[in-house]
Structure formats: C-alpha cells, structure tokens
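Taking it in order: structure first as structure tokens, then the write-up.
Start at 1 and go down the list; that is how both ligands and their atoms are numbered. Side chains included, hydrogens not; waters and symmetry mates left out as well; all remaining heavy atoms used.
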Amino acid sequence: MRNLMESMNIKKKSKKKKKVASFLGEDIIAGIDQILKKQNGTVWKQSTGFAPSGFHKCDRYLVYRLFGYQKESKFSARTHRIFDNGHYTHDRLCDYFDRMGVLVEVEREFWTVDPPIHGFVDAVLMINGNEVPVELKSISEFGFKKWKDLNSHDPKHYTQLQLYLWALDLPVGILLYENKNNQALLKFETKRDDAHIEEVLDSFRKAYNVFQDGNLPERPFEKDSKECSNCDAKIYCWADSRVGVPML
Ligand code: SF4
C-alpha cells in the first residue's frame with residue numbers, strides 16, 4: 001500500500017490538529033470567565049417569605065433564608081453562562097407570547113400571608129378569556145427526553161406551578177420546557193391540585209412556626225451528603241453550634 005501511494009504521489013493526511021493562532025495577545029475566553037467569576041463571593045441572604053421552589057429543599061435551609069445567612073457562591077464561569085442562558089430563554093419565549101397577542105404580564109410578583117410566600121410567575125397569558133400562569137424551564141436533552149418519554153414533569157416544577165395557581169386563585173396552568181440542545185418545546189397543562197397544595201402549605205407552616213419560635217430545624221442530612229454539598233449555606237450551617245429541633 002505504501003509503495004502504491006508513493007508511486008501515485010499521494011500524501012497521507014496528517015492527523016495532527018493545527019493550533020489556532022492568537023494574534024491579539026488577549027484571551028477573550030479567560031476575560032469572559034473572569035468577569036463572570038467576579039459574581040461569586042459571600043453575601044448576606046435574607047428573605048421575608050418562602051420561595052415557591054423551596055418545598056423540595058432542606059427545612060433548615062428554608063429557615064436560614066428567613067433568619068438570614070452568609071451565602072457562599074462558588075459557581076464556575078460556565079455555570080454562570082448556563083444561568084444567563086436560562087434567563088435569555090425566558091425573555092425569548094415571552095417575546096413569542098407577546099407577538100402571539102396572548103401575553104398579559106411577565107414576572108408577575110405575588111405575596112401570600114399564611115404561610116408567607118413570595119414569588120414571581122414567569123408569564124401570565126390570556127387564553128380563551130382566562131388568565132393562565134406559565135412556568136418556563138430550559139432543560140437538558142437528557143431531562144427533556146426523560147419527561148417526554150414519561151409524559152410527565154419534574155415534581156419540583158409541578159409544585160411551583162401549583163403554588164402559582166393557589167396564590168393567583170386560578171384553575172389551570174402551563175409548564176413549558178425548552179430543550180437546551182435543539183430548542184424543541186414540550187408543554188404540560190396542569191389543573192389545580194388542592195390536596196398537593198395543602199401538603200406544601202402545611203410543610204411551610206411547620207417551618208415558619210419553628211422560625212417564629214426562634215429555632216432552627218435540625219440538620220436532616222450528613223455533612224458529606226449530596227444535599228449539603230450542593231447547599232450554598234453549607235459552611236454557615238455546619239459552623240452553627242445550634243442543633244435545632246426535629247421536624248415532625
Ligand atoms: S448544609 Fe445541609 S443541613 Fe445545612 S441547610 Fe444546607 S442542606 Fe440543610
């Protein structure tokens with residue numbers, strides 16, 4: 001073969017990749033990473049109510065949010081870009097709703113009293129003369145395929161939407177997923193589920209009672225657990241000498 005190629009003057013293609021030269025003396029990717037990483041750090045975080053996404057979080061964390069705690073964020077620059085991409089996806093989808101003539105409001109803010117919940121509904125649409133809250137999520141190809149195959153949705157997103165229905169006193173909402181890889185869309189229409197809403201409200205009320213008593217829930221996880229490792233209150237929580245009370 002070699003002789004045949006040589007005799008035919010055919011040169012083998014080099015498998016070595018050519019390096020892309022940089023002529024500018026500035027690494028633009030390092031520059032982007034640098035400005036995004038500046039968003040990390042320690043800030044005092046305190047809320048006056050529970051977030052609709054909080055039901056699936058640690059009770060101790062929810063109560064720290066009410067008392068306030070030193071939040072440590074150490075996200076990679078790439079994670080910041082993923083967050084930003086999610087925000088821009090919301091803007092783009094709301095722009096489509098606007099052009100369809102169905103958009104009533106973006107980021108509708110609400111407060112409730114018992115229990116105190118503070119949230120923002122991604123979009124409120126007008127469909128057949130009725131207001132319909134919409135929760136928008138940009139998700140991975142893996143997640144998109146999973147929920148499509150199961151013909152179901154993430155329980156956390158379902159809970160969020162149910163709290164919007166309760167807070168806005170509406171009967172039906174929409175959960176809209178967009179695949180981050182290819183922008184395919186997946187829609188779930190959801191009726192108000194009062195039994196689930198009561199379960200969530202009850203859980204928030206118990207945590208709120210602990211807060212009002214000046215206590216904390218005890219830690220439900222081990223220090224090296226996945227939950228604590230992903231918690232931005234971890235350093236604060238595990239340095240706190242208060243054991244806390246059990247959540248019944
Ligand atoms: S570090 Fe762990 S126990 Fe403490 S608040 Fe976070 S998840 Fe809960």
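- At a heavy-atom distance under 4.0 Å, only side-chain atoms of C237, from C-beta outward, approach ligand 1.
- Between the side chains of Q162 and D193, no donor-acceptor pair of N or O atoms lies under 3.5 Å.
- Of all atoms in ligand 1, numbered sequentially from 1 with element shown, those under 4.0 Å from a heavy atom of K234 are 1 (S).
- Salt bridge annotation for K206-D202: present, with a cationic side-chain nitrogen under 4.0 angstrom from a carboxylate oxygen.
- Distances from atom 8 (Fe) of ligand 1 show that C58 has an N/O/S atom below 2.8 Å.
- Side-chain contact check for H157 and Y177: at least one donor-acceptor pair (N or O, by modelled atom type) lies under 3.5 Å.
- H118 and S47 share no side-chain donor-acceptor pair at under 3.5 Å.
- A salt bridge does not link D240 with R219: every distance from a Lys NZ or Arg NE/NH1/NH2 to an Asp or Glu carboxylate oxygen is 4.0 Å or more.
- Residue side and main chain included, C231 places an N/O/S atom under 2.8 Å of atom 6 (Fe) of ligand 1.
- Not a single heavy atom of Y236 sits under 4.0 Å from any atom of ligand 1.
- Protein heavy atom closest to atom 2 (Fe) of ligand 1, with residue, atom name and distance, is C228 SG, 2.3 Å.
- Each of the following atoms of ligand 1 lies closer than 4.0 Å to a heavy atom of Y61: 5 (S).
- Side chains of R65 and Y69: a donor-acceptor N/O pair is absent below 3.5 angstrom, by distance only.
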